[in-house]
Amino acid sequence: MWIDDLAWAYLSLCFLCSAAIVALEIWRPQKMMVMNLVWPITALYLGPLALEWYLRSGRKGTTAYHARLMEQARRELALERLVRRPEEPAKSAGQAGASREQVAVGVSHCGAGCTLGDIAGEWWVLAAGMTFAGGVLPTRLVLDFVLAWAFGIAFQYFSIVPMRGLSPGKGILQAIKVDTLSIAVYQAGMSAWMALTYYVLFPSPHLEPNDAVFWFMMQLAMVVGFFTAYPVNRVLLNAGWKEKMPQYKAEMKREMRKQMMENQKAA
């Protein structure tokens with residue numbers, strides 16, 4: 001019974017943390033609309049860690065914070081232009097590597113999609129009683145992946161299109177290109193934990209979605225998936241395939257400087 005009590009306690013704590021983040025976002029919404037969903041969904045499996053993470057990093061994504069940071073970067077860049085001699089060349093707009101904070105936020109995107117996909121998939125299998133992949137667990141894993149991929153691409157679409165100004169068609173193609181590998185690796189880590197739970201930890205009787213312990217094991221699977229997807233997201237961010245969030249003042253200054261140089265060349 002102890003694990004049942006632990007499962008209910010942690011599930012309740014996660015729901016409370018998710019509700020707390022929603023309340024904070026109502027007060028100060030995120031600049032990137034989709035992040036208003038990503039943060040509370042992340043709390044559904046990371047619980048108090050997600051709440052503490054939001055208090056540290058989530059505020060950097062709010063509309064008010066972003067506007068203040070943008071103004072500071074603009075003022076500093078204007079000051080640099082004043083003190084630089086006319087014949088002195090502009091500084092290079094180099095690309096810095098992604099920080100651990102930015103990589104973690106990048107993982108949270110596909111994590112949110114995987115969370116919604118797995119919740120929908122598990123209840124779908126239970127309600128329909130379907131088996132099409134040679135067993136209950138393979139059916140769950142296949143359906144979970146398909147739904148997680150669909151939700152994950154949607155989350156990435158609503159992140160990448162506003163930041164790059166892409167058309168809907170190009171946005172979908174870019175989202176598929178950017179997040180498919182990340183989602184696949186995330187689900188691979190999750191699937192490994194789910195298989196361990198199904199065949200080793202609870203071989204008879206198997207856990208079902210109407211059991212609190214089932215969802216506690218699923219939360220642990222989400223955590224495993226998060227860590228397996230972390231290295232892949234670092235590569236994708238450093239390669240420039242995925243957009244970095246939150247943006248820092250130095251990155252904003254580089255983008256502004258790059259745009260100025262492009263405008264000068266065009267003129």
Side-chain angles (χ1 to χ4, degrees), residues 18 21-22 24-43 50 53-54 56-74 77 93 95-99 101-117 148-183 186 229 232-263 266:
S18 181
I21 292 176
V22 170
L24 291 170
E25 289 177 335
I26 293 174
W27 177 41
R28 288 187 176 178
Q30 297 283 298
K31 180 179 183 294
M32 188 67 63
M33 182 272 292
V34 72
M35 292 304 296
N36 290 305
L37 299 175
V38 171
W39 283 112
I41 292 174
T42 303
W53 181 18
Y54 174 81
R56 283 190 297 106
S57 298
R59 66 182 182 85
K60 298 177 183 178
T62 62
T63 302
Y65 187 89
H66 187 272
R68 184 165 65 252
L69 208 63
M70 181 72 78
E71 182 61 27
Q72 291 176 1
R74 186 179 291 110
L77 190 57
Q95 182 72 19
S99 68
E101 180 182 34
Q102 290 172 323
V103 177
V105 172
V107 179
S108 70
H109 279 93
C110 56
C114 291
T115 300
L116 293 183
W149 181 83
F151 280 112
I153 296 304
F155 277 109
Q156 187 59 229
Y157 172 87
F158 287 109
S159 297
I160 206 168
V161 167
M163 296 188 75
R164 298 188 183 180
L166 301 175
S167 65
K170 290 183 179 180
I172 293 174
L173 292 176
Q174 191 66 22
I176 292 173
K177 173 184 175 182
V178 165
D179 234 25
T180 295
L181 178 60
S182 179
I183 293 170
Y186 200 111
V232 173
N233 276 265
R234 176 175 290 280
V235 172
L236 293 173
L237 285 165
N238 287 337
W241 283 31
K242 295 186 75 169
E243 296 294 337
K244 296 176 184 176
M245 292 186 295
Q247 288 185 312
Y248 305 135
K249 184 167 61 177
E251 292 172 341
M252 292 181 181
K253 288 173 64 177
R254 280 195 295 268
E255 289 300 318
M256 290 180 185
R257 187 178 289 116
K258 181 179 179 181
Q259 186 63 46
M260 289 167 51
M261 294 173 65
E262 291 176 352
N263 292 340

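Just so it is clear, the structure is predicted and the values come from calculations on it, not from any experiment.
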N/O donor-acceptor pairs under 3.5 Å from side chains in residues 149-159, not counting sequence neighbours:
from	atom 1	to	atom 2	distance (Å)
W149	NE1	T180	OG1	3.1
S159	OG	H109	NE2	3.0
S159	OG	F155	O	3.0

State the [atom1]-[atom2] distance between [X] and [Y], to the nearest 0.5 angstrom.
X: M35; Y: M245; atom1: CE; atom2: CE; answer: 5.5 Å
X: Y54; Y: S108; atom1: OH; atom2: OG; answer: 12.5 Å
X: L166; Y: I160; atom1: CG; atom2: CD1; answer: 6.5 Å
X: K31; Y: T62; atom1: NZ; atom2: OG1; answer: 11.0 Å
X: M32; Y: L37; atom1: CE; atom2: CG; answer: 12.5 Å
X: L181; Y: N233; atom1: CG; atom2: CG; answer: 8.5 Å

Can you give me the closest heavy-atom contact between [X] and [Y], atom names plus distance?
X: S182; Y: A229; value: O-CB, 4.0 Å
X: P40; Y: V22; value: CB-CG2, 3.8 Å
X: K242; Y: V178; value: CG-CG1, 2.9 Å
X: S57; Y: W39; value: CB-CH2, 4.1 Å

_Check: A175 main-chain N/O paired with D179 side-chain donor or acceptor under 3.5 Å_ =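 No; zero donor-acceptor contacts below 3.5 Å.
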*Under 3.5 Å, side chain of Q30 to main-chain N/O of T63, donor-acceptor pair present?*
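No, the answer is negative, given that no donor and acceptor are paired below the 3.5 Å cut-off.
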*Does K60 NZ have over 12 foreign heavy atoms under 6.0 Å away?*
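Atom NZ in K60 is crowded, with more than 12 foreign heavy atoms closer than 6.0 Å.
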_side-chain contact (heavy atoms from CB on, under 4.5 Å) for W53 and V105? Distances and angles first, verdict last._
CA-CA 10 Å; W53 181 18; V105 172; 3.9 Å; yes
*Sequence neighbours excluded, which residues qualify as salt bridge (charged side-chain N to carboxylate O under 4.0 Å, His left out) partners of R59?*
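Per chain and number, R59 pairs via salt bridge (charged side-chain N to carboxylate O under 4.0 Å, His left out) with no residue.
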*Mind checking salt bridge (charged side-chain N to carboxylate O under 4.0 Å, His left out) for E25 and listing every partner two or more places apart, or none if nothing turns up?*
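So E25 forms no salt bridge (charged side-chain N to carboxylate O under 4.0 Å, His left out) with any residue.
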*Electrostatic pair E71-R74, nearest N-O below 4.0 angstrom*: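 Salt bridge between E71 and R74, a charged N being under 4.0 Å from a carboxylate O: yes.
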_Less than 4.5 Å apart, side chain to side chain, heavy atoms only: is that true for P168 and V161?_
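In short, these two side chains do not touch, never coming nearer than 4.5 Å.
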*Would a 4.5 Å heavy-atom cut-off, applied to side chains only, mark Y186 and V107 as touching?*
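Counting from C-beta outward, Y186 and V107 do come under 4.5 Å.
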